[in-house]
Student: 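Handing you this structure, nothing more for now.
Residue numbers start from 1 in every chain, and the chains themselves are labelled A, B, ... in the order their sequence lines are given, proteins ahead of strands. Worth saying up front: this structure is predicted, and the values here are computed from it rather than measured. The figures that follow rest on heavy atoms only: side chains count, while hydrogens, waters and symmetry mates do not.
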Amino acid sequence: MNDKFEPNIVAFLCNWCSYAGADLAGTSRIQYPANLNIIRVMCTGRVNPLFVLNAFQQGADGVLVSGCHPGDCHYMEGNYYARRRFTLMRELLEYVGVDPRRFHMSWVSASEGAKWKEVVEEVVENAKAVGPFDQFRRNKINW
Amino acid sequence: MRENGNPYKPHVASIEDAWYETYGDRAIKTFKVVFDDEEIKESWEHRPGQCAMIGLPGVGESMISISSSPTEGKFLRFSVMRMGKVTQALHELEPGDKITVRGPYGNSFPVDEWKGKKIITIGGGIGQAPLRPIIEYVKANRADYEDLTIIYGSRTSGDLCFKGELEEVTSTDDVSCHLSIDVEEENWQHYVGFVPSLLMEVNPSPENAIAITCGPPIMIRFVLENLKKLNFEDEQIYTTLENRMKCGIGKCGRCNAGNLYVCKDGPVFNYATLKQVPESFA
Amino acid sequence: MVDLDKLRTVAKETVSRDDVKYLIGWSQGTFGYRVSPHFVKTPQEVDSLTFSPLCSNNLATYLTLTEKLPVPRGEEPDTRKVALMVKGCDSRAVVQQLIEQGITREQVYIIGCPCQGVVDLQKVDEKLGEGVEPAQASWENGQISFQLPDGKTEAFPREDVLADKCITCRYPNPVLSDILLWDEVEVWGSDDYEDVKELDSKSPEEKWAFWQDKFSSCIRCYSCRNVCPMCYCEDCILDRLNPTWMFRSNNVVENTAFQVARAFHLAGRCIECGECERVCPVDIPLMKINRKLYKEVREKYEFEPGLDPESKPLQASYRPDDEEDFIL
Amino acid sequence: MESLKLSKEKLGDFVSKLTDKELLVPQKEGEALKFAPLAGEDMPELDYENTSVPPKNAVFPHTETMLQFELGKMDMQVAAGDEKEKVLLGVRPCDARAMVIIDNLFTWDVDDPYYVDKREKSTVVGLACHEPCSNCFCTSVGGGPASTEGLDVLLTDLGDSYLVQPLSEKGEVLCQAGADVLEKASDADIQGAEKAHEEAANKISRHIDTAGIPENLPSLWEHELWEEVSRSCLGCGICTFLCPPCHCFDMQDEVEGFEGRRCRTWDSCMFSEYTMHASGHNPRHSRRERTRNRINHKYSYYVDKFDVIACVGCGRCINLCPVNIDILDILSKVREAL
Amino acid sequence: MNNKPRIGVYVCHCGINIAKTVEIDPVTEYASQLPNVKVARNYSYMCSDPGQLLIREDIEKEGLNRIVVASCSPRMHELTFRKTLAEAGLNPYFLEMANIREQCSWVHEDVEEATAKARKLVASSVAKARLLEPLEEKEVDVEPATLVIGGGIAGIQAALDIANAGFKVYMVEKTPSVGGTMAQLDKTFPTLDCSACILTPKMVDVASHPNIELMTYSQVEEITGYVGNFEVKVRKKARYIDMEKCTGCGICAEECRLKNRIPSEFDVGVGKRSAVYLPFPQAVPAKYTVDPERCLFLTRGKCGESPKCADACPSQAFDFEQADEMVEFKVGAVIVATGFDVFDASRKPEYGYADYDNVLTALEMERLVSASGPTGGKIVLGKGDEAYTPKDIAFIKCVGSRDESVGNEYCSRGCCMYTAKLAHLVHEKIPDANVRIYYMDVRAFGKGFEEFYDRVRREGVRYIRGNPSEIFKRGDKLVIKVEDTLTAKALEDEVDLVVLAVGLEPRKDVREIIDLLRLSQSGDRFFLEAHPKLAPVDTATDGVYLAGCAQGPKDIPDTVAQAKGAASSALILLSSGKVKVQAQIAIVNEATCRSCGYCVEICPYGAIEMVEANRMGHIVSVARVNEALCKGCGACVAGCFSGSIQQKSFKDAQILPQLAVLGVK
Ligand SMILES: Cc1cc2nc3c(=O)[nH]c(=O)nc-3n(C[C@H](O)[C@H](O)[C@H](O)COP(=O)(O)OP(=O)(O)OC[C@H]3O[C@@H](n4cnc5c(N)ncnc54)[C@H](O)[C@@H]3O)c2cc1C
Ligand SMILES: Cc1cc2nc3c(=O)[nH]c(=O)nc-3n(C[C@H](O)[C@H](O)[C@H](O)COP(=O)(O)OP(=O)(O)OC[C@H]3O[C@@H](n4cnc5c(N)ncnc54)[C@H](O)[C@@H]3O)c2cc1C
Ligand code: SF4
Ligand code: SF4
Ligand code: SF4
Ligand code: SF4
Ligand code: SF4
Ligand code: SF4
């Protein structure tokens, strides 16, 4: 693959665990790749699986949804719903030929700054390995 | 082929002035706009009753009646009620901002034919917008016409469009203006009730008169009934239709009422014509 | 078995009831082996009702599709029951609608028609050609026999002409009904989702190519959506403008997004009636995508939609121990 | 103009002469037949019943960018048109007639530049029908299996060759380009073709007498037949999207990042949003009104405006309507009611 | 009104924290070019007073109506800047933050990359800011009263604390007396104080406290409303005795034709009672109750010539016509203290509880050793002549706890210690007894527990590690079949009495409470707390708190501690008098809602209900969000296929444009 390729990744983080975990990575000055564009939501339960489709259409090469570990959801159940929804969405995307390395979900708690780095690295590496996702990009359509 | 005279390509115009006519969920805001291109500004011609597609790139376009009369000057006025995507975006605009305009579209009121006649306008809510240019036109060519009677009503006094203007008009001698609101309000000097009943109250004589009505479909229906009670002939009654339209030039298909294309055969219709079309008041 | 006299008698009784608005069944179509949905309001109209291997239409759609015309002020809306003829698959649509409260049990009178499978008209066309004269078909001992316009009959083994969904059908008997018209039929089908597995085993590139080829021909007529008994949003987000999820533009990217989104919205809700695929004018194999999710839902969550009116919707429930092997 | 002949073997050679143009021929996509650009060395395959998607796509595509702009800027640029001219090969006479029918609308009063541009840049090579489909009724609405309206060239299958009849200037030009592979047609060829045309016309099995319908259709406005024939309608876009003379469209602004375009897309009078006013009021609020409008529009309003029925009898809406709503059935009910 | 967005973007240097890795000027410049941005500035410390002043001044001078601050994490300063906006007269929710410190400058070294990322984050915030809407921070009044359900020690403690703080308490107890399980105990571990001695005074307090309205023999029928404003309906069951008149003399019970014929609930069947009864001598209120299921007069309409009890009553308190009474009242908070049930030992048939009289549960044993129990505290088995004192006594622990086969994987947290306690009491009463305890583990985690366990062992109680597989009868004796897992020897132990240390289980009728209050259950089927660590007494339903064993098995000290926690939570609510309602909550577009009810199922807080709405003359059901209950998680939003329910500040229409910007390369 092209070494120069820097994937564009959209990450949806829940406010209470993963966003806080990413903040912790910051306060601990843990370094990780700069490919992520983070959108904060209150809970992974808020993340509509159709956002993933839309993100790809709008130019993302990969998407990450990250929230609290099961049982730790600030709203008790939000991440359980998210898990079900994204399990299905992921299966579906894979089935229509979207490489599974383009979509990830993770549980990162507020204390897991180090895990956040690992997650980011894995997501970025995966997206790099599959390359740009031009086929699903709107502005690549020849009008 | 595509470039020259492409009817879909709009002109750019600047908003010189903008103000709210009414407030609330479905506020009405009036814009006074002037074309940026001098040439267009000079060559643009429209007649009372015509409308234009105004829009914003990235949002879309809406068909809006030109609510100013050509006699008022080299500018256009649009009074826009906030309804959906486009009108909402338009409401955000302020003097200095720009919009796109294409048109003018549709037929117009046969103001020449009407010379020497009494003119009665009967409007409801935003329906006063297409009637305003006739009023202004008649006022500007006062000698050509007999009495001008304005009948206009809305739900509350806060929903009356062009209220200041209309209240001023009352004081001039040869124009009579009758305003109404649906339900009683404090400090309201005028009629209380629906427009069709106000019409009966005013009781205009059909003799040498032309009645023009515009407003919500249900109001139009009752106004027509009442005009008939007042012995107006079909030919003396005009109305405008506002079906949904996208292209404005008779291509996109949706605005038809029976075999009439509102964008080209209308929006102004004589009741005699309209009566033939069962779909028009559905 | 299929007893048209019984069907008509029951229909007659049903439409005569005061609490029934109308009955929806099937009748002979205008040409070839077509059948049309038939709305019966008076006992006189029951004679054209029929039930045969041609009755593919899932009439449950009409329970939610019926337009609610504005009720003039002062008048009461007609809230009487709609009587509905259902096959096994159709009944599951009704059940799923009940689960989702799209309708209530009081609103519908269900007339169950145990079914031996309906035909795929394309398969029939290939064998017999599409005729103009209205013609009929019936089940006969594991075969389906067609009455040709010239009076002759021709029969084929069931497997040759049945719709794919019927070959794998596991619920040929209505799962819920107020009255069953005849004895339940024996379940013949089983489903191992071979077609899904086969596609699933391909590489992402192959799958992408496969679907892009299919989706590119979608003309966005929304027939698949409109015919679907589970697609009953009055204002579908897939063509709503504000916010815009998908452009109206017809190109493979927007089409893909449309199809994936629709399939997702049907996960755990699609009852495999196959109507979407049947109606698609450009023959996109929509069931292949619906069945994928059906399979996943069945395997992962031991859930099948449209069976138990008391069950909770799949996407509105969870189990703390749901599978999560892909989560980092 | 002189009739010519093209041996089927040489069809490929003929096509290869047209490389400066984009060649659209019927092709299978999945199960669906539609006109699509011919790829590379592929041979055109003309042995088919009519395509399920009509060739109107080529002149009136489902989606077309009209204007382009940068977000935040006011001036809008007219989108560039196709560079290459097109040749549509194997168009059935009904579909070609349909183009003539929509020409009326798109050039009514003002020209629609996008349509006219595409229309002018395409040459339509028709193929006379030998085996009309079971639901064709072109002969009832002013067409026929060998109608030449809207065609630049008509091909008639003569077994191992085609009779090639240039019908317009564009057609002539096209034949000249392929002159090396074309032969002169004999009288026998021409007679054979005529006979085939006649036989085909006789094979059409569905008919409707349209006399009096255009004038009187609106008088059935409140007739119960509309309710009856529309009850099972799904309100989908099949019957209109696939109808060759249907031409309605929607216009939308689509923004991507900071770039935008105003484009038009097919719209259908059978969709409920089609006439919905912003206020929520809908003049055609149910499928009864919409079905009534569809039939009235085709068989009365259009006739009123342009003196031609906006239906070419191709039978697509009959074949493909998922719930067997059959325009001929509706028309025969209309007949009864008149 | 919808004003045109006029956005101010403020990029913070954060000293060098941001400025070192993110090039501030280009980012500011870029921001100023974005649609609708009127002002873009940067400053060394945006959160400082001068920084905030900058924003306030611009709001006034430039007429800004949306603010984007690109600085540190919103988790740090969102509230700070919201205040800034509010001070300048702008709705505080017109703020959007771009986190270019924690998630940008601190985690990236490459200046170019970090700057590019900062640009995108700012653009994304601007895209969202354009579409922000003003939100209202609503408050609702709190009814200064609390409902306590359950009159065990947990309920009693919570009620007293709240009442003492000066607030009204309604206590609803299902049985005729308060006291709960603790009243049944003899002594309590590890201190061995007498249960009745410490509990009874509290029971009396509850009954006499001017702020407490005690409703025994009652049940909650319906609770509607939401935090601060619950409407409660309670059914006071007919006792057939006029509470005013009854003096608790007990003559009626003596006269009852069924005297000593009915197993006593309080004595867990070990003792007997009449059809008119006082559950136990110290019962509060000390009023008698007629058991409607047993009383001959009530069940058959006839009891001899006339009911002897009624005839005997000196105060003529009987009223067989009495009907259930419904009471309605309003409270601001609810405490659920419904306690537990002991495990039904017959669900482990191998232990022969149902078959052999000399297999007892620990609770039965408590009654047996209790001085106020049926035997006056003597440990005797058998009746009349056959009565004997057991010598060989075995306890089996973890019956119904830590046992997957019965569906209880949890530890009941009390059995180890109460077994030790009972063993001790046995020793005390039968000094020559031979006591052994079969156990899996001994968990002596509490204060003084390990010491107590040691003491009991020193007293001669034998602990044998093993999980008995079977109990059967051999002659007069019971045989316990067990493998000693320490010595790996199979044993057959012959004993006179087996005591099963039954675990604690959720109440059989938990569902009723769940339905009343929309509570959830955790995996162990006890009520689910809002957060296992940080909100152990709260529930998903605001204003509803848990106390005691209702939330999970625990001993008395823990129960009391938690009851006090619940009381303090309720008091915080009551004394503030108002509750703030979340602003970023869900809202339904009733015009497009398709009645599917998914959101209702999904909402963890029961904040959504289906209501009827009129759609052009048709009655349809649509979702409606209770603003006081919604916590703003958005789970319902992503589950709504028709997009009809949206979360304010996180609407689809606000998030999608953020995606559009991120794709810009
Ligand atoms: C001749 C004429 C003159 C007029 N004069 C005036 C005037 O002077 N002043 C005035 O205020 N108005 C006037 N109108 C009405 C004005 O055109 C509409 O109110 C305006 O177009 C509404 O547009 P919008 O984008 O704001 O609403 P939209 O957002 O377009 O529409 C609002 C609603 O319509 C529906 N909708 C819109 N587009 C679609 C679509 N593509 N698909 C599905 N559903 C859709 C949606 O349900 C939406 O909720 C006139 C109309 C006509 C025809
Ligand atoms: C055999 C045994 C021995 C024990 N020994 C000790 C010991 O020595 N030391 C120690 O610290 N702990 C001991 N415990 C634990 C102790 O009993 C509990 O910690 C304590 O009783 C818990 O009190 P509670 O108020 O939560 O529940 P409970 O005592 O169960 O009280 C709950 C009350 O709520 C009422 N109620 C239930 N449902 C409803 C309803 N729907 N409506 C109205 N009212 C309702 C019940 O009738 C009951 O009065 C022992 C437990 C057992 C089983
Ligand atoms: S998606 Fe297709 S198969 Fe599934 S329920 Fe809808 S129409 Fe039937
Ligand atoms: S029916 Fe077929 S063509 Fe029509 S929208 Fe559905 S998939 Fe597309
Ligand atoms: S008539 Fe048939 S094809 Fe046309 S909209 Fe109705 S269902 Fe669709
Ligand atoms: S209306 Fe039907 S038959 Fe007529 S042209 Fe259109 S698709 Fe063909
Ligand atoms: S999920 Fe959406 S459509 Fe369904 S009830 Fe809730 S708001 Fe309405
Ligand atoms: S946002 Fe969360 S708490 Fe609020 S109604 Fe929706 S699911 Fe319930």
Side-chain angles (χ1 to χ4, degrees), chain C residues 63-79 96-104 107 225 228 230-247 253 257 261-270 311-321, chain E residues 127-128 130-131 409 520-525 528 532 588-604 608-623 635-646 650-660 663:
Chain C
L63 290 178
T64 50
L65 186 77
T66 317
E67 266 147 344
K68 292 195 172 122
L69 298 184
V71 181
R73 221 178 280 170
E75 280 177 33
E76 288 288 310
D78 188 348
T79 52
Q96 188 62 22
Q97 288 170 344
L98 290 172
I99 292 175
E100 300 183 2
Q101 302 156 17
I103 52 162
T104 59
Q107 287 172 326
R225 178 192 70 190
C228 175
M230 298 332 300
C231 275
Y232 54 84
C233 291
E234 281 176 44
D235 190 12
C236 169
I237 68 153
L238 303 184
D239 64 346
R240 189 178 299 171
L241 294 176
N242 201 9
T244 313
W245 287 93
M246 261 128 246
F247 290 156
V253 168
R262 195 179 103 81
F264 178 77
H265 276 188
L266 283 153
R269 306 174 61 234
C270 166
S311 64
K312 276 197 184 184
L314 178 94
Q315 289 200 48
S317 51
Y318 68 87
R319 276 199 321 246
D321 58 349
Chain E
K128 184 170 175 190
R130 287 169 65 188
L131 296 152
E409 284 172 59
S520 317
Q521 289 170 288
S522 40
D524 55 11
R525 305 180 323 281
L528 177 69
V588 178
N589 177 352
E590 294 185 0
T592 58
C593 170
R594 58 179 212 152
S595 326
C596 67
Y598 272 46
C599 53
V600 178
E601 291 285 345
I602 290 171
C603 180
I608 312 177
E609 56 178 347
M610 300 305 291
V611 298
E612 282 188 352
N614 187 313
R615 202 175 277 169
M616 294 189 305
H618 298 270
I619 303 302
V620 293
S621 76
V622 295
C636 54
V637 181
C640 173
F641 295 140
S642 70
S644 300
I645 192 163
Q646 289 292 331
F650 293 92
K651 295 188 170 176
D652 288 341
Q654 292 165 326
I655 295 177
L656 286 171
Q658 284 190 286
L659 291 174

Student: Write down the atom of E:F641, the atom of C:I237, and the distance for their closest heavy-atom approach.
Tutor: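 In terms of heavy atoms, the two residues are closest at O-CG2, 3.5 Å.
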Student: Where is the tightest heavy-atom contact between C:T244 and E:L656, given as atom of each residue plus distance?
Tutor: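 Between these two residues, the closest heavy atoms are O-CD1, 3.8 Å.
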Student: How far does SG of E:C640 sit from NE2 of C:H265, to the nearest 0.5 angstrom?
Tutor: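 So the gap between those two atoms works out to 8.5 Å.
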Student: Tell me which of these, C:K312, C:E234, C:R269, C:Q315, has more heavy-atom pairs under 4.5 Å with chain E than the rest.
Tutor: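 Greatest number of close heavy-atom pairs with chain E: C:R269.
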Student: With sequence neighbours left out, write down each residue that passes salt bridge (Lys or Arg N to Asp or Glu O under 4.0 Å) with E:R130, or none if nothing qualifies.
Tutor: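 E:R130 satisfies salt bridge (Lys or Arg N to Asp or Glu O under 4.0 Å) with no other residue.
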Student: Might you point out which heavy atoms bring E:Y598 and C:A316 nearest each other, and give the distance in Å?
Tutor: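 What the structure gives for the nearest pair is O-CB, 3.8 Å.
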Student: In terms of heavy-atom proximity below 4.5 Å to chain E, should C:R319 be classed as side chain, backbone, both, or neither?
Tutor: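 Looking at C:R319, nothing touches chain E.
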Student: Do any of residues 609-619 of chain E come closer than 4.5 Å to chain C, heavy atom to heavy atom, and if so which ones, in number order?
Tutor: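 The stretch touches chain C at E:M610, E:R615, E:M616, E:G617, E:H618.
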Student: If I compare all heavy atoms of E:G643 with all of C:R240, which pair ends up nearest, and what's the gap?
Tutor: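 Minimum heavy-atom separation between E:G643 and C:R240: O-NH1, 3.8 Å.
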Student: Keeping E:R594 on the side-chain end and C:C236 on the backbone end, is there a donor-acceptor pair under 3.5 Å?
Tutor: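 Not confirmed, E:R594 side chain does not pair with C:C236 backbone.
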Student: Name the region of E:V620, side chain, backbone, both or neither, that has any atom closer than 4.5 Å to a heavy atom of chain C.
Tutor: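 Only the side chain of E:V620 comes within 4.5 Å of chain C.
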